[in-house]
Student: 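Before I ask anything, here is the structure I am working with.
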There are 2 protein chains.
Amino acid sequence: LPAEQEFDQRISAVMGIDMGATHTRISLLDRNKKTLDLSKIKTAEIATSDIFPNFKRLIDEKIKQHCLKLTAMVIGLPVTISKDRMKVLSTSNLQIDTQLFSELLVLLQQEFSCQVVFERDVNLQMAYDVHHNGVEDKIVLGCYLGTGFGFSIWLGEGIYTGAHGVAGELGHIPYGNEAEICVCGNPGCLETVVSGMNLRRYYEQKPQGYPLDLFFSQPENQPFIDSFLREGAKAVATTINLFDPDTVIIGGGVVDMKDFPYQYFLELIWVHCRKPLPAEQVHFIKAASSSFNGAIGAALQALKISR
Amino acid sequence: LPAEQEFDQRISAVMGIDMGATHTRISLLDRNKKTLDLSKIKTAEIATSDIFPNFKRLIDEKIKQHCLKLTAMVIGLPVTISKDRMKVLSTSNLQIDTQLFSELLVLLQQEFSCQVVFERDVNLQMAYDVHHNGVEDKIVLGCYLGTGFGFSIWLGEGIYTGAHGVAGELGHIPYGNEAEICVCGNPGCLETVVSGMNLRRYYEQKPQGYPLDLFFSQPENQPFIDSFLREGAKAVATTINLFDPDTVIIGGGVVDMKDFPYQYFLELIWVHCRKPLPAEQVHFIKAASSSFNGAIGAALQALKISR
């Protein structure tokens with residue numbers, strides 16, 4: 001028998017790639033959502049002008065190692081993505097040309113004969129969290145307070161991306177410090193106040209006798225913490241009053257810090273939720289924190305498009 | 001032949017009722033969206049403890065006059081409505097018991113053998129505006145600055161109502177005057193600053209030599225107007241950055257006032273829209289102002305459920 005008529009013994013699998021500013025994490029899932037492989041490399045080693053050969057080598061290795069047939073691939077990036085999820089619109093958080101990414105997508109599709117799309121990284125964290133918490137059929141908001149203030153909208157069937165693919169820019173609603181121009185160019189975005197960036201800036205104003213990780217454990221920081229959380233809570237309550245979700249997932253690097261006052265933060269949010277509804281019925285979940293969640297979320301989204 | 005076997009010569013029609021604090025407006029449309037009748041009565045005459053007999057008499061008259069068979073009815077109210085659109089949750093803007101409304105719905109369904117549902121009034125204004133502007137297949141936000149700050153979300157197929165039926169409470173996002181308790185009970189809702197109520201309160205602080213309708217024509221009001229519009233623009237930009245709509249409809253009693261600086265308001269909104277998207281592609285439409293739009297919108301929604 002010619003080779004192509006032999007029984008295909010390769011395992012069907014999907015690949016999720018979460019490319020952050022520092023690390024790129026990769027997840028492989030089979031059709032039953034079983035994890036086949038988790039790995040990470042430094043983004044600087046892969047996101048070079050040789051990005052396609054780098055990716056190809058890495059993926060070929062995985063395919064050979066596990067005897068896989070890839071059916072779909074989702075690549076998460078901390079950037080804005082076109083509505084069709086085929087183009088990168090801006091890469092302010094990555095030092096690489098947008099055009100290289102668009103070429104990468106076409107080359108990967110040709111090389112591996114599978115669907116490849118981009119997705120905003122925070123939406124992949126959300127895809128993981130709704131799956132992990134069994135709320136895929138609900139209206140869910142994801143509030144991820146990390147370096148910025150990431151936000152994602154899940155409307156029962158999947159991620160809501162808006163008319164132009166850029167929905168959910170909570171970090172850039174105009175309720176920050178009006179005297180400050182945000183990295184996005186607009187004045188007074190929320191992230192000028194409520195973000196890990198602003199937390200770090202406050203911490204670095206003077207030499208401190210403790211590491212940043214212990215910021216929430218220092219009593220002398222309480223006035224800053226109160227104001228920081230109050231403004232963050234107002235932003236979360238805003239999304240609750242507008243979207244009326246079943247569930248709100250709260251997570252991100254700042255929320256994961258030691259002694260972050262999670263219950264107090266929920267109380268501050270509740271103050272500004274419309275009564276009686278949605279205040280009395282909205283449900284809060286703290287996001288599980290693992291650096292691989294975004295990559296697994298990417299693979300879960302890949303499973304959706306590979307059907 | 002017995003009467004029920006005769007050919008039914010009655011015209012199939014739907015009824016839209018828009019019950020405001022002062023007037024109740026009624027629209028009748030045939031299956032081709034042709035207006036058969038528009039009328040209004042004082043709400044105080046119909047929203048009494050005899051609300052069902054009052055409605056029955058009024059509807060019977062219309063049916064007889066036009067020889068109609070009603071297939072569906074939508075009743076718009078300035079209140080919060082249950083997710084299934086069968087119950088009124090709170091009637092702070094109408095002096096009538098919520099229980100009476102729930103009974104009314106059941107009695108009307110039985111009496112006229114047709115579907116009857118409630119809807120939030122602002123969603124019916126939106127139903128009219130998306131139809132009138134031919135954007136039913138788009139993602140559309142409706143911002144109606146009137147007595148309060150009404151807001152409605154249209155996601156391509158219809159009104160987005162959220163998990164508990166109360167989505168779109170822009171007037172109650174916590175970006176108003178924090179020192180003030182809103183009529184809803186929460187501190188610092190947007191409507192404490194950006195609403196016709198607040199405009200009127202400012203106007204009534206001292207005797208004025210001009211009617212409220214000419215508020216925007218008085219040069220001495222410019223500082224208040226600037227601050228009022230800036231805060232309103234920030235709220236609208238917030239919804240644009242979160243929902244990423246194709247189209248934003250701007251309307252309401254305040255926007256309809258003489259010399260309201262509509263173009264300036266759009267410029268203020270644009271300042272805070274995320275660049276390049278959605279800022280460069282979002283499209284603004286000024287709502288047509290007619291007091292019957294809500295009632296016609298109610299009838300258009302009734303056509304949707306009567307299919």
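In what follows, chains are A, B, ... by sequence order, proteins preceding strands, each numbered from 1.
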Student: Chain A heavy atoms under 4.5 Å from B/Glu280: which part of the residue, side chain, backbone, both or neither?
Tutor: neither
Student: Mind telling me whether B/Tyr202 and B/Phe224 have parallel, tilted or perpendicular rings, with 30° and 60° as the class edges?
Tutor: parallel
Student: With a cut-off of under 6.0 Å to the ring centre and 45° to the axis, is B/Lys286 in cation-pi contact with B/Tyr262?
Tutor: yes
Student: Under 4.5 Å, counting heavy-atom pairs only, tell me which of B/Tyr160, B/Tyr175, B/Phe243 racks up the most with chain A.
Tutor: B/Tyr175
Student: Under a 4.5 Å heavy-atom cut-off, does chain B meet the side chain of A/Pro187, its backbone, both or neither?
Tutor: both
Student: Measuring heavy-atom distances to chain A, does B/Ile240 have an atom under 4.5 Å in its side chain, in its backbone, in both, or in neither?
Tutor: neither
Student: Can you say whether the rings of B/Phe265 and B/Phe260 are parallel (under 30°), tilted (30 to 60°) or perpendicular (over 60°)?
Tutor: perpendicular
Student: With a 4.5 angstrom heavy-atom cut-off, is it the side chain or the backbone of B/Ala235 that approaches chain A, or both, or neither?
Tutor: both
Student: Kindly write out the residues that satisfy salt bridge (charged side-chain N to carboxylate O under 4.0 Å, His left out) with B/Arg120, not counting sequence neighbours, or none if the list is empty.
Tutor: none
Student: Got a donor-acceptor contact below 3.5 angstrom from the A/Asp244 side chain to the B/His164 backbone?
Tutor: yes
Student: So what's closer than 4.5 Å to chain A heavy atoms on B/Leu170: side chain, backbone, both or neither?
Tutor: both
Student: Determine, step by step, whether B/Lys304 and B/Glu136 satisfy the salt bridge (Lys or Arg N to Asp or Glu O under 4.0 Å) criterion, reporting the C-alpha distance in whole Å, the side-chain angles of both residues, the deciding distance to 0.1 Å, and the verdict.
Tutor: CA-CA 12 Å; B/Lys304 280 195 152 195; B/Glu136 291 107 320; over 6 Å; no
Student: Heavy-atom distance under 4.5 Å to chain A: side chain of B/Thr247, backbone, both or neither?
Tutor: neither
Student: Against chain A, label B/Cys273 side chain, backbone, both or neither, depending on which of its atoms sit under 4.5 Å from a heavy atom there.
Tutor: backbone
